[in-house]
Structure formats: structure tokens, C-alpha cells
Enquirer: 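Attaching a single structure in C-alpha cells format; questions to follow.
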There are 2 protein chains.
Amino acid sequence: MAVKRTKWLNTSEMAAWRSYVVASRRLMDALDVDLQEHDLSMADYEVLAHLSEAPGRRMRMSELAETSMVSKSRLSHRMKVMVKAGWVEREVCAEDKRGSFAVMTEKGWRAIVRAAPDHVASVRSRFLDNLTAKDQDDLAKIFDRVTARLRKQYLESFNKN
Amino acid sequence: MAVKRTKWLNTSEMAAWRSYVVASRRLMDALDVDLQEHDLSMADYEVLAHLSEAPGRRMRMSELAETSMVSKSRLSHRMKVMVKAGWVEREVCAEDKRGSFAVMTEKGWRAIVRAAPDHVASVRSRFLDNLTAKDQDDLAKIFDRVTARLRKQYLESFNKN
DNA sequence: TTGAATTAGTTGAAAGCTAAACTGCATATT
DNA sequence: AATATGCAGTTTAGCTTTCAACTAATTCAA
């Protein structure tokens with residue numbers, strides 16, 4: 001079979017890619033720094049936010065891990081820290097005795113309620129304020145496409161190999 | 001002073017933000033996985049790529065850290081690993097005896113040359129292929145704006161506090 | 001219904017990262 | 001010159017994250 005010659009990035013592709021990578025890196029760093037005053041990282045915020053929106057503020061570990069985009073293992077480790085901080089508790093699952101629930105405590109609720117306004121202000125000031133309404137739409141479309149494609153590629157990777 | 005009431009995100013703001021966050025997370029994860037076959041992380045790739053493009057394939061540690069967007073400390077740690085892998089060497093700086101150069105070895109060069117085509121293909125297939133030429137331009141403009149604003153905010157944070 | 005294969009979740013060890021302290025040199029100030 | 005201040009880079013300690021192994025419960029399948 002013929003060897004594939006690399007199709008390097010042209011100027012405009014490179015510009016788009018670099019611009020995106022650089023901004024994303026710095027943006028997430030800034031948001032993380034902003035959250036530090038609430039003793040939270042982006043990842044922990046994400047976990048607590050999802051949990052806070054769940055019915056009864058309780059969720060199965062696996063589901064929480066999935067929606068928060070962290071590995072089960074990582075969630076398990078963070079959980080220990082958050083339990084120690086008094087933000088969440090564990091609860092055994094009656095229907096499936098392997099399983100367990102993460103339940104947000106009142107203290108955890110207060111913590112996320114305190115952090116949320118600052119975080120939203122951060123997201124606005126550092127990101128959204130740069131976008132027109134049209135930019136928002138364009139961007140959502142583009143990145144939804146990216147996610148959809150990643151999922152497709154992920155699924156295909158099973159059939160092929 | 002009046003208390004600031006939080007301006008929560010509306011539907012389209014939320015869509016843009018979530019879409020971006022989710023896609024970015026998954027995209028970077030995918031690129032990292034793709035690079036694993038070359039024993040590289042995105043961060044290490046970035047460092048080696050910058051170094052490989054420098055004149056003489058050598059750079060001062062501080063400059064390399066800055067352009068690669070990693071802390072000096074982190075670079076120092078990674079450096080130990082990369083030296084052990086035989087990809088780079090250290091060289092003392094004659095002009096400023098505090099300083100030191102990172103110099104890419106022939107082996108390091110071969111490693112990055114081997115990885116680059118796959119990485120570029122990855123970036124294309126997982127990201128750029130989702131973008132029209134116009135998308136590329138829009139995106140570059142938006143994220144350049146984000147970076148510019150972050151820098152401005154960073155500078156302002158000194159004057160204020 | 002009994003054994004095999006999955007699944008939920010945790011754990012432990014190794015690697016990675018961050019923040020702060022530290023070393024040694026360089027530059028500025030008097 | 002002497003001292004202070006700043007800078008380049010490393011190191012240490014303490015987390016955090018990952019990866020693989022593991023436990024225990026569940027489901028599948030003959």
C-alpha cells in the first residue's frame with residue numbers, strides 16, 4: 001500500500017488550531033484560579049454542580065462520573081476528599097448492592113450556591129463577553145459537531161480493531 | 001453599595017458554554033490518547049515541538065516554559081523525564097551562569113518527527129475536519145479575542161490589588 | 001442452577017502537578 | 001565595594017490523577 005504523505009496544516013488551519021489551543025489552556029487556568037477562593041477546581045465544581053441538579057441531590061457514582069466527565073477512579077478519590085470536607089455523603093444502593101449513591105449535604109449545597117455566582121461571573125467575563133449572539137450560535141454548532149464526531153470515531157474504533 | 005444580583009446564563013449562552021467545555025475536554029482527551037502510541041502527552045509534545053523549531057533546537061528553560069505554557073517548575077520536572085528518555089540534554093549557559101539550555105538530541109528529533117504526522121492527522125480528523133474555512137477564521141478571531149482579554153484582565157489585576 | 005462473564009465501585013502504587021522554599025548568580029543602589 | 005534586590009532554575013513536599021488490579025454483586029447462558 002502507498003505510504004500516506006502528511007498533509008500539514010496550512011496558515012489558516014494552523015491559526016485556528018493554535019488560537020483555540022492557547023486560549024483554551026489559558027481560559028481554563030483562569031477559571032480554575034477564580035474558583036480557588038471557593039476551594040474548588042473546575043472538575044470538583046462540575047461534579048458538585050451536576051449533583052446539585054439531580055433529583056434529591058443524589059446520584060449513582062457511575063452516572064455522576066459520566067456526566068461530569070471524570071473517570072470512576074478519579075471520582076472515587078475526589079469523593080473521599082469531598083466527604084472529608086463535609087460536602088457529600090455516601091449512601092448504599094438498595095436495588096443494586098454493588099452500587100452507591102453520592103448525596104449532597106446541606107453544607108455542600110451551601111458551598112455550591114456560594115460559588116456559583118462567582119463562577120458564572122467568571123465564565124461571562126473571561127469567555128462569553130467576547131462572543132456576540134451569533135458567535136454563541138456558531139460556536140455551539142461547531143463544538144457540538146466536534147463532540148458528535150468524536151463519539152462516532154469512538155464507536156467505530158470498536159468495530160475496526 | 002447595592003448587592004450585585006447574579007446574571008445567570010440564558011439558553012444560548014449556556015448552550016455555547018457547555019458545548020465548548022464538553023467538546024474541549026473530550027477533544028484533548030482524544031488527542032492525548034492518540035499521542036500515547038508515541039509515549040507523549042499533549043504537554044510534552046508541545047514542549048518538544050517548540051524546542052524542535054528553535055534555532056539549533058536549543059532554548060533557554062524560561063522561554064521554553066513560556067511558549068509551551070507550562071510552569072518553570074513543571075518544565076523542570078518533565079525535563080528530568082525527557083533527559084532520561086534521551087530526547088533532550090541540558091547545557092549550561094555561558095552568558096548567564098544561572099541559566100541553562102534545553103537541547104534536543106538526535107533521538108528527540110527523531111521522536112518528534114515520527115510523532116508529528118500522526119498528531120497532525122489527529123488534529124485534522126478530530127477537530128479541523130469539522131470546520132469550514134469560514135469557521136476557521138471565525139474561530140481564530142474569537143479565541144484570539146479571548147486570549148487578548150485574558151491578558152488584559154491579568155495586567156489589570158496588578159493595578160487594582 | 002451453577003459457573004462464566006459483566007458491571008459497580010474501590011484501592012494501591014506510581015507518575016504527574018503545584019506551590020513554596022531554596023540556591024546561586026546577576027544587577028541595582030548607595 | 002558592599003549590600004540589597006531580583007531573576008533563572010531546581011527541589012521538596014503534598015496533593016491529584018492514572019492505571020491496573022481487585023472485591024463483590026449481578027446477569028447471562030447452557
Side-chain angles (χ1 to χ4, degrees), chain A residues 25-26 28-37 39-48 51 54 58-85 87-103 158, chain B residues 25-26 28-37 39-48 51 54 58-85 87-103 158:
Chain A
R25 190 86 253 283
R26 301 229 187 265
M28 291 307 162
D29 283 357
L31 292 175
D32 258 322
V33 168
D34 291 347
L35 270 173
Q36 273 178 20
E37 74 181 282
D39 295 309
L40 284 168
S41 63
M42 276 288 277
D44 285 355
Y45 181 92
E46 198 87 336
V47 169
L48 290 179
L51 190 52
R58 56 207 287 294
M59 259 200 225
R60 286 290 289 272
M61 292 295 281
S62 293
E63 204 197 335
L64 185 52
E66 182 138 1
T67 67
S68 308
M69 293 190 299
V70 300
S71 69
K72 281 140 151 263
S73 164
R74 182 170 172 180
L75 178 58
S76 211
H77 285 300
R78 294 312 294 151
M79 211 60 177
K80 277 184 241 160
V81 176
M82 294 190 199
V83 166
K84 203 179 294 177
W87 292 339
V88 290
E89 281 167 1
R90 291 154 169 305
E91 212 175 88
V92 292
C93 177
E95 304 88 67
D96 185 339
K97 288 201 196 113
R98 291 168 306 180
S100 83
F101 285 97
V103 190
F158 289 115
Chain B
R25 189 88 251 284
R26 300 228 188 266
M28 290 307 161
D29 283 358
L31 293 175
D32 259 322
V33 168
D34 291 346
L35 271 173
Q36 273 177 20
E37 76 182 280
D39 295 310
L40 283 169
S41 63
M42 275 288 276
D44 284 355
Y45 181 91
E46 198 87 336
V47 168
L48 290 180
L51 190 52
R58 56 209 287 294
M59 260 200 225
R60 285 291 289 271
M61 292 295 282
S62 295
E63 204 197 333
L64 184 52
E66 181 137 2
T67 66
S68 308
M69 294 191 299
V70 300
S71 68
K72 280 138 152 265
S73 164
R74 182 168 170 183
L75 178 59
S76 212
H77 285 300
R78 294 313 295 153
M79 212 59 179
K80 276 183 242 160
V81 176
M82 293 191 199
V83 167
K84 204 178 293 177
W87 293 338
V88 289
E89 281 167 2
R90 291 154 170 306
E91 211 174 88
V92 292
C93 177
E95 305 87 66
D96 183 340
K97 289 203 196 113
R98 292 168 304 180
S100 82
F101 285 97
V103 190
F158 290 114

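Chain letters run A, B, ... following the sequence lines, proteins first and then strands; every chain starts at 1.
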Enquirer: Search all heavy atoms of A:Leu75 against all heavy atoms of A:Met61 and return the closest pair with its distance.
Expert: CD2-O, 3.2 Å
Enquirer: Partners of B:Arg25 by side chain to side chain donor-acceptor pair (under 3.5 Å), sequence neighbours excluded?
Expert: B:Asp29
Enquirer: Under 4.0 Å from a heavy atom of chain B: give me the 5'-most and 3'-most nucleotides of DNA chain D that qualify.
Expert: D:dG6 to D:dC19
Enquirer: For residues 68-79 of chain B, which residue pairs qualify under side chain to side chain donor-acceptor pair (under 3.5 Å), counting only residues two or more places apart or in two chains?
Expert: B:Asp44-B:Arg78
Enquirer: My understanding is that only residues two or more places apart in sequence, or in another chain, count here; which of them pass side chain to side chain donor-acceptor pair (under 3.5 Å) with A:Glu91?
Expert: A:Arg58
Enquirer: Excluding sequence neighbours, so at least two apart, what forms ring-ring contact (aromatic ring centres under 6.0 Å, His included) with A:Phe101?
Expert: none
Enquirer: Find the distance A:Asp29:CG to C:dC17:C1' and express it as a whole number of Å.
Expert: 12 Å
Enquirer: Checking B:Asp32 now: which residues fulfil side chain to side chain donor-acceptor pair (under 3.5 Å) with it, not counting sequence neighbours?
Expert: none
Enquirer: Restricting to side chain to side chain contact (heavy atoms under 4.5 Å, CB included), what partner residues turn up for A:Ala30, sequence neighbours left out?
Expert: A:Arg126, B:Leu150
Enquirer: Please state how far atom CE in A:Met28 lies from atom C1' in C:dC17, giving the value in whole angstrom units.
Expert: 18 Å
Enquirer: Reading 5' to 3' and counting Watson-Crick or G-U wobble pairs with both distances under 3.5 Å, write the dot-bracket notation for DNA chain C, | for bases paired outside the strand.
Expert: ||||||||||||||||||||||||||||||
Enquirer: Is A:Glu66 touching bases, backbone alone, or none of the nucleic acid, heavy atoms closer than 4.0 Å?
Expert: nothing
Enquirer: Nucleotide by nucleotide, 5' to 3', does protein get under 4.0 Å of the base (B), only the sugar-phosphate (S), or neither (-) in nucleotides 3-15 of chain C, counting heavy atoms?
Expert: ----BBBBBB---
Enquirer: For A:Arg90, what residues pass the side chain to side chain donor-acceptor pair (under 3.5 Å) criterion, not counting sequence neighbours?
Expert: none
